[in-house]
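Okay, so here's the structure we're looking at.
Order of the sequence lines fixes the chain letters, A, B, ..., with proteins taken first and strands second; residue numbering starts at 1 for each chain.
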2 protein chains.
Amino acid sequence: MMEREDREMSDLQKPVRTIADLAKIAGVSAGTVSRALAGNSLVNAKTRKKIEQLAREHDFRPNQMASKLRRQKTGVIGVIIPLGHDRHQQISDTFFMTLLGHLADELTEKGYDLMLRRVIPQQDEDWLDRFIRSGMIDGVLVIGQSNQFDRIEEIADGYLPMVVWGNHQEGQRHCVVGADNRLGGRMAAERLITAGAKRLAFLGDTGPFEFAARFAGARDVADRMGVGIEPVSVHLSPDQTGREIATFLAERRDEIDGIFAASDTIAFACLRELQRMNVPVPQQMKLIGFDDLPIAAQTIPPLTTIHQDISAGAHGMVDLLLRRLDKEDTESLVLPPRLVIRGTA
Amino acid sequence: MMEREDREMSDLQKPVRTIADLAKIAGVSAGTVSRALAGNSLVNAKTRKKIEQLAREHDFRPNQMASKLRRQKTGVIGVIIPLGHDRHQQISDTFFMTLLGHLADELTEKGYDLMLRRVIPQQDEDWLDRFIRSGMIDGVLVIGQSNQFDRIEEIADGYLPMVVWGNHQEGQRHCVVGADNRLGGRMAAERLITAGAKRLAFLGDTGPFEFAARFAGARDVADRMGVGIEPVSVHLSPDQTGREIATFLAERRDEIDGIFAASDTIAFACLRELQRMNVPVPQQMKLIGFDDLPIAAQTIPPLTTIHQDISAGAHGMVDLLLRRLDKEDTESLVLPPRLVIRGTA
DNA sequence: TAGAGAATTTCAATCGATTGCAAAAACGTG
DNA sequence: CACGTTTTTGCAATCGATTGAAATTCTCTA
């Protein structure tokens with residue numbers, strides 16, 4: 001009876017927005033409420049139960065901003081995607097988006113929230129620093145080095161809790177997680193040549209370091225085997241890609257018989273153009289991609305490609321970041337790529 | 001000379017972490033610094049310049065947490081993805097991820113940050129409330145109703161700044177943006193039947209409202225045309241999908257000649273299985289998808305599907321949310337789907 | 001040059017939770 | 001029952017920026 005009355009009264013008043021309000025109702029001090037709600041502490045079990053009960057009844061949640069301010073940590077990890085070389089790349093980039101999904105899961109599991117930001121470095125010199133120093137995040141994950149390698153290096157000198165997805169360069173200072181792109185590139189070229197190709201093309205913009213490394217790896221092998229390979233710049237906005245590839249193929253398809261696409265997305269577009277031109281794959285043109293997106297297995301013929309383990313990558317990034325939050329200066333993590341032979345090479 | 005000395009000294013000391021530190025250096029009060037950095041205000045232009053200069057030199061950024069706490073708004077919009085029916089769906093769900101990308105762009109453009117959270121409602125009854133009431137976000141965008149329609153409805157009664165991507169039900173209370181799934185379903189079935197199909201199957205879990213509506217639309221048409229249609233439950237974890245479809249086809253492919261896949265992703269898997277079984281598409285089996293993902297144009301044969309305008313959807317969600325942040329009680333937005341006829345039906 | 005009025009700046013309270021330290025209560029034991 | 005411990009609580013300072021109101025300085029006119 002009494003209890004019902006209490007509840008009804010509270011429904012009418014219902015000004016329980018702060019820990020102090022709740023403290024008044026519970027007849028204790030704000031400090032006690034804070035401790036009680038924090039779960040463990042030196043609060044009497046009975047008082048804790050009572051406060052928890054009251055909090056539930058009044059549907060009270062402590063204000064995170066106040067908490068974060070006071071504790072000087074936010075429980076939020078920033079994830080930033082620099083759209084450096086190609087404004088439209090990542091919008092459609094399944095690879096990065098999938099990585100993001102996995103990162104979200106890993107971070108959630110560790111009790112962190114995720115703040116996402118996409119930036120165009122050309123428009124904002126200060127993109128990384130601004131995010132880091134905003135006071136909103138405890139650490140940052142950078143998805144893709146884009147063409148911002150140097151800036152990331154600068155930041156890394158003074159800021160520990162940062163892990164980057166991308167390519168590892170000899171002697172670099174920032175902690176990076178990523179596949180061994182150069183090795184992957186080698187595997188790709190080797191496969192094309194093994195499959196019988198004699199004159200190769202690399203489809204993709206060699207500006208970004210990941211792509212550059214893939215090309216470099218392929219060239220290592222091509223040179224060694226005495227096979228020609230040339231890079232063909234291809235942009236990644238959905239409408240451009242197809243057109244650029246079509247133009248290239250129209251002019252040069254007779255000169256080459258093996259194509260290494262910098263990513264599966266490019267490979268798909270390429271496959272499509274080849275089929276449109278009735279060039280039999282792999283008989284007349286070998287084709288290999290990079291990433292091994294889920295749909296790679298679904299094309300006809302299914303795409304031969306270099307597999308990257310996205311899930312392991314995400315796990316590694318979060319693991320390293322958490323260790324860095326504990327002041328440990330971790331090494332980079334280079335994941336082994338894997339050749340997946342399917343139907344195109 | 002003097003200036004150099006100043007700079008070097010500051011490099012040594014460099015304790016400019018708060019607005020008060022900067023105020024001391026500038027020889028003004030904290031309030032003035034705050035106003036100066038806020039840009040416009042009633043600060044003398046000269047002092048403002050000076051403070052800005054100093055801030056730049058000392059690489060100072062105001063603490064966001066303090067600011068947010070004081071101003072009682074965060075400048076952050078929460079984006080939450082409930083993984084209701086199928087834990088693994090969204091990990092691979094290109095559609096939602098692409099939508100997320102567009103949302104990030106739209107929000108950035110409007111000056112908001114984005115906090116991402118993926119939740120499993122079964123494990124956390126309170127998923128939506130907790131996020132909203134955390135004090136970390138000014139508003140929330142829900143990506144997909146999943147099987148949480150009722151909970152979302154409850155919340156909508158007491159919380160204005162929420163916009164949901166999903167299906168619109170007659171008389172619902174929460175503001176939703178999404179394609180007219182029922183109409184899309186009708187278009188799909190009509191197309192299959194026009195293309196000559198006489199016995200249809202719907203591939204997908206009819207639990208989620210979006211899918212249910214697509215099925216309902218298809219059934220409207222099927223019934224009207226005197227054609228049979230039956231739903232076949234298919235899960236969305238990458239490894240299950242293919243197997244389930246294969247099983248289904250193995251048993252029943254002779255009984256049907258038209259398949260409406262609840263999403264392009266399912267359609268791809270289906271196309272693959274059909275080709276594996278040497279069932280000619282579209283001759284012996286018509287197939288239509290839903291979403292029109294970029295790769296839909298890239299399969300062989302290219303996928304006939306129902307197009308959803310993701311970009312317009314994202315734009316609409318953000319637009320509605322901003323208006324709701326201004327206390328306007330907006331209507332839902334139903335986007336027209338569009339039939340894209342390609343090679344599979 | 002005094003003084004009204006405008007332009008700047010300072011002051012101090014505030015946002016809401018956390019936490020070290022001190023005070024109070026509860027418990028035990030001789 | 002008194003006194004030493006151990007548990008629980010309360011107090012008050014703190015995190016760092018913002019902002020209304022008060023105080024100061026500057027302008028300009030009579």
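Of the side-chain N and O atoms in B:Thr32, one or more sit less than 4.0 angstrom from OP1 or OP2 of C:dT10. Between A:Ser67 and C:dT18 there is a side-chain N or O to OP1 or OP2 distance below 4.0 Å.
Along DNA chain C, the nucleotide nearest B:Ala66 and the nucleotide nearest A:Arg71 are compared for position; the residue whose nucleotide lies closer to the 5' end is B:Ala66.
Salt-bridge formation is detected for the pair B:Arg61/B:Asp59: a Lys NZ or Arg NE/NH1/NH2 atom is positioned less than 4.0 Å from an Asp or Glu carboxylate oxygen.
Considering B:Trp165, B:Phe209, B:Tyr159, B:Phe149 in turn, B:Phe149 is the only one that fulfils the ring-ring contact (aromatic ring centres under 6.0 Å, His included) rule with B:His174. Among B:Lys50, B:Arg56, B:Lys49, the one residue that satisfies the side chain to side chain donor-acceptor pair (under 3.5 Å) test with B:Gln53 is B:Arg56.
Atom CG in B:Leu69 sits roughly 9 Å away from atom P in C:dA17 (whole-Å rounding). Look at NZ on A:Lys68: it is 17 Å from C1' on D:dA17, rounded to the nearest Å.
Closest to the side chain of A:Asn44, from the set C:dA17, D:dG20, D:dT9, is D:dT9. In the set D:dT18, C:dT19, D:dT9, the nucleotide with an atom closest to the side chain of A:Val43 is D:dT9. Among the nucleotides D:dT9, C:dC15, C:dT10, the one closest to any side-chain atom of B:Gln72 is C:dC15. For B:Arg70, the side-chain atoms get nearest to C:dT14 when compared with the rest of C:dA17, C:dT14, D:dG10.
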